[in-house]
Amino acid sequence: MSHENHTFYLWINGQKVAGSEGRTFWVTNPATEEPVYEVHEATLNDVERAVQAAKTAFLDGRWSKLPLAERQARLNRFADLLEAHQDEIVEAESRQSGKPVKLVRYSDFPFSVDNLRYFAGQLRALEGQAQAEYNGAHSSWIRREPVGVVAGIAPWNYPIMMAIWKLAPALAAGNTMILKPASITPVTALMLGPIAQEAGIPDGVLNIIAGPGRIIGQALVEHPDVAMISLTGDTATGRQIMAAGAHRVKRLHLELGGKAPAIVLDDANLEAAIRGIAVGSLVNSGQDCTAATRAYVHRSRYQDFLDGIAQVYREVRLGDPLNLSTDLGPVVSQAQWQKIDSYVTNAATMGGRIVLGGGRPEHLPRGHYYQPTLITDVEQHWPIVQEEVFGPVLVVLPFDTDAEALAKANDVEYGLASSVWTENLRRGLWFSRELQFGEVWLNDHLPLTSEMPHGGVKQSGFGHDLSRYSLDEYTTVKHVMADMDNETVKGWHFTILGDVPE
Ligand code: NAD
């Protein structure tokens with residue numbers, strides 16, 4: 001790789017630019033703990049430049065007023081070009097985040113490309129209510145319009161996928177945008193600028209800036225010319241953004257944290273549950289907002305489940321993320337490693353039993369590796385059961401009745417994802433109605449599809465990614481009403497002018 005390929009610039013108004021104060025920062029490979037990419041850091045001036053570029057591009061309609069077929073064609077070309085750049089994007093994604101290339105190449109990346117193609121198709125199907133003369137004298141219709149300048153603020157756990165989840169519906173709906181990836185994983189998002197330009201996305205429509213969230217993210221949230229903030233991140237960040245956006249009544253889309261339960265009923269296919277929950281809890285080293293974090297297992301199956309999942313956990317291959325046979329890479333940073341370890345240590349101190357794992361694997365002295373960790377003998381109110389750990393850690397709790405499992409599953413402040421494992425459809429459907437989560441899987445945990453919405457309730461936020469629901473959120477609904485009778489004195493004018501007619 002040449003030096004040039006190690007240095008990443010901001011992307012503003014169709015150009016690679018250095019940060020206005022000339023500062024750069026380094027992105028570290030979590031597997032080697034070595035700096036691998038140098039990135040130009042955006043300042044408040046750069047926020048201003050990016051917002052003005054996006055505002056100008058929005059106002060002159062260079063994107064929003066393109067014929068829809070043309071907008072679709074360019075987004076599809078963007079998807080084609082992304083595929084052409086697959087190898088370099090997959091490698092950079094793995095180096096900056098520690099994700100196994102296996103996961104990026106066969107899951108994150110193709111799903112991102114599919115998402116772009118899905119929204120390219122959907123944009124031609126936007127529609128409003130049918131036109132009609134609702135009160136006799138006027139004809140009404142609905143215009144669905146883009147919101148304007150959108151700021152997409154993304155997390156570090158799925159850098160390329162979250163970038164695409166933000167930009168695909170926003171651009172499909174005709175908005176212009178500023179994308180701000182997480183500071184520790186900005187590289188693959190920054191790679192998107194020139195590719196978008198080559199695909200025919202006009203300059204200024206997509207701007208990408210990297211830098212600290214509490215400075216440049218906050219500035220985007222507060223900026224009067226930014227019409228909408230779409231955040232995927234921590235619930236605490238969501239709260240800060242709501243507060244900062246409040247004085248401008250900013251439109252928000254918040255995809256926040258999760259603490260997914262996986263409920264294994266007495267009649268479950270145990271092999272499937274063990275395998276599915278192992279995968280659901282370990283995906284991306286557990287750094288996944290939908291990851292299975294709490295297994296509630298019927299007491300009659302509890303020991304078998306525990307033995308089985310311990311066996312699967314033992315077989316997981318931790319190692320170099322660039323090796324295609326690696327199952328699990330490191331977690332993203334030392335800070336994240338410490339956070340995970342303090343939850344595990346705290347649970348042990350409180351009397352929890354570490355059945356397996358905890359801490360660093362002996363054979364990997366370097367890199368932020370954390371062992372798959374199983375914990376039992378914990379209580380519902382403990383932090384390890386209530387809070388987002390965001391690591392390869394699963395707590396397993398027994399239950400006796402369906403009602404108890406449901407109550408415990410719902411008893412967290414989050415409401416993003418959940419799963420139920422049963423061979424009885426009626427029981428599964430009952431849980432799907434009663435679970436207070438935006439997603440319920442029956443006999444699986446994790447799969448998502450571009451056509452179906454992904455979003456939370458409670459402190460997991462509001463708004464949806466993926467699907468037609470997402471496209472709707474990046475548009476406004478405008479009601480247009482036209483007088484059809486052309487009468488100067490209208491029947492209702494007396495309510496303001498003159499007497500009630502006889
Ligand atoms: P984070 O909240 O720390 O950061 C997310 C983004 O917000 C980053 O780009 C960051 O720079 C920016 N930011 C931070 N403070 C800000 C502020 N005051 N104003 C504006 N922007 C600010 O989250 P993270 O640690 O990068 O990601 C992990 C979190 O994301 C977890 O809680 C996880 O559950 C959540 N997540 C949710 C979903 C979902 O779909 N609900 C998906 C993936 C991740």
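Each residue takes its place number in the sequence, starting with 1. Indexing begins at 1, ligand by ligand and atom by atom, following the structure's order.
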With ring pair (Phe, Tyr, Trp, His ring centres under 6.0 Å) as the test, would you mind laying out the steps for H454 and W165 before giving the verdict?
CA-CA 11 Å; H454 164 72; W165 282 23; 5.4 Å; yes

Specify side chain, backbone, both or neither for L231, according to which of its non-hydrogen atoms lie closer than 4.0 Å to ligand 1.
side chain

Does only the side chain of A236 get under 4.0 Å from ligand 1, or the backbone, or both, or neither? Count heavy atoms.
neither

So, the side chain of N207 versus the backbone of M177: is there a donor-acceptor pair under 3.5 Å, distance only?
yes

For F437, is the NZ or CZ atom of K259 found under 6.0 angstrom from the centre of its six-membered ring and inside 45 degrees of the ring axis?
no

Is the ring centre of F462 less than 6.0 Å from the ring centre of H253?
no

Under 4.0 Å, heavy atoms only, figure out whether ligand 1 is touched by the backbone of A244, its side chain, both or neither.
neither

Tell me which part of Q287 gets within contact of ligand 1: side chain, backbone, both or neither, using heavy atoms under 4.0 Å.
neither

Trace of the salt bridge (charged side-chain N to carboxylate O under 4.0 Å, His left out) decision for R105 with E93
CA-CA 10 Å; R105 180 179 295 272; E93 185 80 332; over 6 Å; no

Touching ligand 1 at all, A182? Heavy atoms, strictly under 4.0 Å?
yes

Taking 4.0 Å as the limit for heavy-atom contacts, which would you say applies to T290 with ligand 1: side chain only, backbone only, both, or neither?
neither

Check ion pair K408-D411 (N to O, under 4.0 angstrom)
no

Which residue from G233, A189, A151, A154 reaches closest to atom 35 (C) of ligand 1 through any of its heavy atoms?
G233

Has G456 got any heavy atom lying under 4.0 angstrom from an atom of ligand 1?
no

Would you please indicate yes or no on a ring centroid separation below 6.0 angstrom for F8 and Y37?
yes

One residue to check: Q240. Relative to ligand 1, which of side chain, backbone, both or neither has a non-hydrogen atom less than 4.0 Å away?
side chain

Centroid-centroid distance, F305 to W421, less than 6.0 Å:
no

Can you list the ligand 1 atoms lying under 4.0 Å from a non-hydrogen atom of T232?
5 (C), 36 (N), 37 (C), 38 (C), 39 (C), 42 (C), 43 (C), 44 (C)

Taking only heavy atoms of G217 into account, list the atoms of ligand 1 that are under 4.0 Å away from them.
19 (N), 20 (C), 21 (N)

List every atom of ligand 1 that sits less than 4.0 Å from any heavy atom of H454, numbering the atoms from 1 in the order shown and giving each element.
39 (C), 40 (O)

Is it the side chain (CB and beyond), the backbone, both or neither of Y158 that lies under 4.0 Å from ligand 1, heavy atoms counted?
neither

For N157, take its heavy atoms, then give the atoms of ligand 1 lying under 4.0 Å from any of them.
43 (C), 44 (C)

So for G461, does at least one of its heavy atoms come nearer than 4.0 angstrom to any atom of ligand 1?
no

Subset of ligand 1 atoms that lie under 4.0 Å from at least one heavy atom of P181
9 (O)

Atoms of ligand 1 close to T237 [distance to a heavy atom under 4.0 angstrom, numbered from 1]
1 (P), 2 (O), 3 (O), 7 (O), 13 (N), 14 (C), 15 (N), 16 (C), 22 (C)

